Chemist: 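I have a structure I would like to understand better, so I am pasting it below and will then ask my questions one at a time.
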There are 2 protein chains.
Amino acid sequence: MTSTSIPRYRQLKELIIRRISSGELRPRDRVPSENELVDSTGVSRMTANRALRELNDEGYVERIAGVGTFVADFKAALHVLEVRNIADEIALRGGEHSAEVLQNEETPADANAAAALHIETGTPLLHVRLVHFENGTPIQLEDRYVVPDFAAEFLQQDFTVTTPSAYLSSVSPLQEAEHVVRATLVDVATRRSLDMKDGEPCLIVTRRTWAHGRPVTFARLCHPGSRFELSGHFAPPGADAL
Amino acid sequence: MTSTSIPRYRQLKELIIRRISSGELRPRDRVPSENELVDSTGVSRMTANRALRELNDEGYVERIAGVGTFVADFKAALHVLEVRNIADEIALRGGEHSAEVLQNEETPADANAAAALHIETGTPLLHVRLVHFENGTPIQLEDRYVVPDFAAEFLQQDFTVTTPSAYLSSVSPLQEAEHVVRATLVDVATRRSLDMKDGEPCLIVTRRTWAHGRPVTFARLCHPGSRFELSGHFAPPGADAL
DNA sequence: TCCCACAGGTTGTATATACAGGCTAGTGCA
DNA sequence: TGCACTAGCCTGTATATACAACCTGTGGGA
């Protein structure tokens, strides 16, 4: 016996998510109807219905009675999924984005990261540290950890071209994000990286993101407090809607 | 014909939510089992199952296979629901909370509020403005709008005793919250209320909260930037988990 | 040409039924 | 007394079936 078997409606959901992640199904594409899933996979319509209904509730697809089921337009879902990318934000303001990678390594999880990502301390994690610039001014230090089996080739990316967030979104739709925001003083290394004065407060956003129902990445984003008003707003869920 | 009829699984959900909101069912209390709902309401077990399953997904109840369904312990769910109360935060730090109500009125919705709450411009809204103090120091200006039919007696509360957030949570469990955080300069009146210097930046959290699937309240929380590091962290979803 | 009616596909909901698996309390045996 | 087993309730899932409501395209009638 292979432990507890995975329910069929869940398998169906995974199947469709894979097709979306792989690019086989693109935003606004039509997803197989309940009856087509019944024919192609042999499940009952109620099972297909549950799979599609849950994908709808989770924001992967949009269903229209009498018409069909379609891959969600992730642009419209941004305020729910919160996969906003700092490069896009800067572009929106008309600024020019660049980045400098400070660190890029595999590292064992410390207690903090382990707790945040629901793994054992010491488990290998992918770790990247980089500074984002807007028109040459440092505006964010990103310190990110990624669970390896979510995105094995994460460290091989060129983060001066694609931001970590953008790459991770391309691997799989990100499901859910948690944020903690606080203002504190930070260490010398961070202050230097962000070109900050001693005593200047830093606004820190800790963001944890879920995919496939489990936390897969965890980032500490540090913004210089004195320049924060200049960099406009950054947006936890809901920014677009307001 | 009374327009489109409300589905029975939804009626069942509302029924149970009402029992929770009214206090008839308290956290950790047992919720009627699927079979009991079948007997008492005449629906089929699958319909009862769907109602309870969705209440589970939405965080209202917790289900344990083989045991039963129980009202969620909202303390444990805090990091998901984000109904954190500034008075509780202050108490956690050992401080003493007090509040001063600046304004308390019914007012027509302006364009901003209308868009945020999915209502027509000009619809009456309940509006409260108050300052929260920690040990006598102003630390937050709360500017809150509430949809009247969600909490008709909102304005009659004594907000120096119960914070708006605490009162709203007691009316009905709050389902979902959206946040926008940004740092800006604010107007003179706000600066005065918070005892801030000219040119001192303000950290603004805009919070929109859902209940019963629709936005019901919308708050602008303003914190003096220079005192923010002193007031510790404030916590969008996930604070506890980290 | 324009408009209405309808057929057919699609989602949304509701029910009856069935079986698997988890948990608990209580029974009965050693 | 203490332990093992089981009956019974609970949730979780799967299926077949049924009807309602919705949307679109098509074809026929005015």
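Here the structure is a predicted model, which is why all the values come from computation and not from measurement. Just so it is clear, the values below take in all heavy atoms, side chains as well, and ignore hydrogens, waters and symmetry mates. By convention in this document, chain letters (A, B, ...) are assigned in the order of the sequence lines, proteins followed by strands, and residues within each chain are numbered from 1.
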Chemist: At under 4.0 Å between heavy atoms, which parts of nucleotides 3-8 of chain C does protein reach? Answer with one letter per nucleotide, 5' to 3': B base, S sugar-phosphate only, - none.
Modeler: ------
Chemist: C:dA14 phosphate, OP1 or OP2: any side-chain N/O from B:Ser44 under 4.0 angstrom?
Modeler: no
Chemist: Counting side-chain heavy atoms from C-beta on, which of D:dG12, C:dG12, D:dC23 comes nearest to B:Arg45?
Modeler: D:dG12
Chemist: Starting from P on C:dT11, measure out to CG on A:Leu37 and report it in whole angstrom.
Modeler: 9 Å
Chemist: Whether A:Thr69 contacts C:dT11 is assessed here as follows: a side-chain N or O lying under 4.0 Å from the phosphate OP1 or OP2. Is that the case?
Modeler: yes
Chemist: Do B:Arg19 and B:Leu15 come close enough that some side-chain heavy atom pair is under 4.5 Å?
Modeler: yes
Chemist: So does A:Arg63 pair up with A:Asp57, basic N to acidic O under 4.0 Å?
Modeler: no
Chemist: Output the distance between atom CG (A:Asn49) and atom CG (A:Leu12), rounded to the nearest 0.5 Å.
Modeler: 11.0 Å
Chemist: I need the full list of salt bridge (charged side-chain N to carboxylate O under 4.0 Å, His left out) pairs touching residues 103-112 of chain B, with sequence neighbours left out, sorted by first then second residue.
Modeler: none
Chemist: With B:Gln156, which residues qualify under side chain to side chain contact (heavy atoms under 4.5 Å, CB included), at least two apart?
Modeler: B:Glu153
Chemist: Go through the structure and list residues passing side chain to side chain contact (heavy atoms under 4.5 Å, CB included) with B:Glu54, not counting sequence neighbours.
Modeler: A:Arg53, B:Tyr9, B:Lys13, B:Arg50, B:Glu58
Chemist: Is the distance between the ring centroids of B:Phe154 and B:Phe159 less than 6.0 Å?
Modeler: yes
Chemist: Can you check the A:Arg63 CZ to D:dA21 P distance for me, whole Å?
Modeler: 18 Å
Chemist: Below 4.0 angstrom, which residues in residues 46-57 of chain B have at least one non-hydrogen atom near DNA chain C?
Modeler: B:Met46, B:Thr47, B:Arg50
Chemist: Establish, from distance only, whether the side-chain atoms of A:Asp143 and A:His127 form a donor-acceptor pair under 3.5 Å.
Modeler: yes
Chemist: Just to verify, what does B:Ser44 make a side chain to side chain donor-acceptor pair (under 3.5 Å) with, not counting sequence neighbours?
Modeler: B:Thr47
Chemist: Using the side-chain heavy atoms of B:Arg10, tell me which of these nucleotides is nearest: D:dT13, C:dT13, C:dT15.
Modeler: C:dT13
Chemist: Would you indicate, yes or no, if C:dT13 has its OP1 or OP2 atom less than 4.0 angstrom from a side-chain nitrogen or oxygen of B:Tyr9?
Modeler: yes
Chemist: Under 4.0 Å: is that the gap between some side-chain N or O of A:Arg8 and OP1 or OP2 of D:dA14?
Modeler: no
Chemist: Remember a base hit wins even if backbone is also touched, and classify B:Glu62 as base, sugar-phosphate or nothing at under 4.0 Å, heavy atoms.
Modeler: nothing
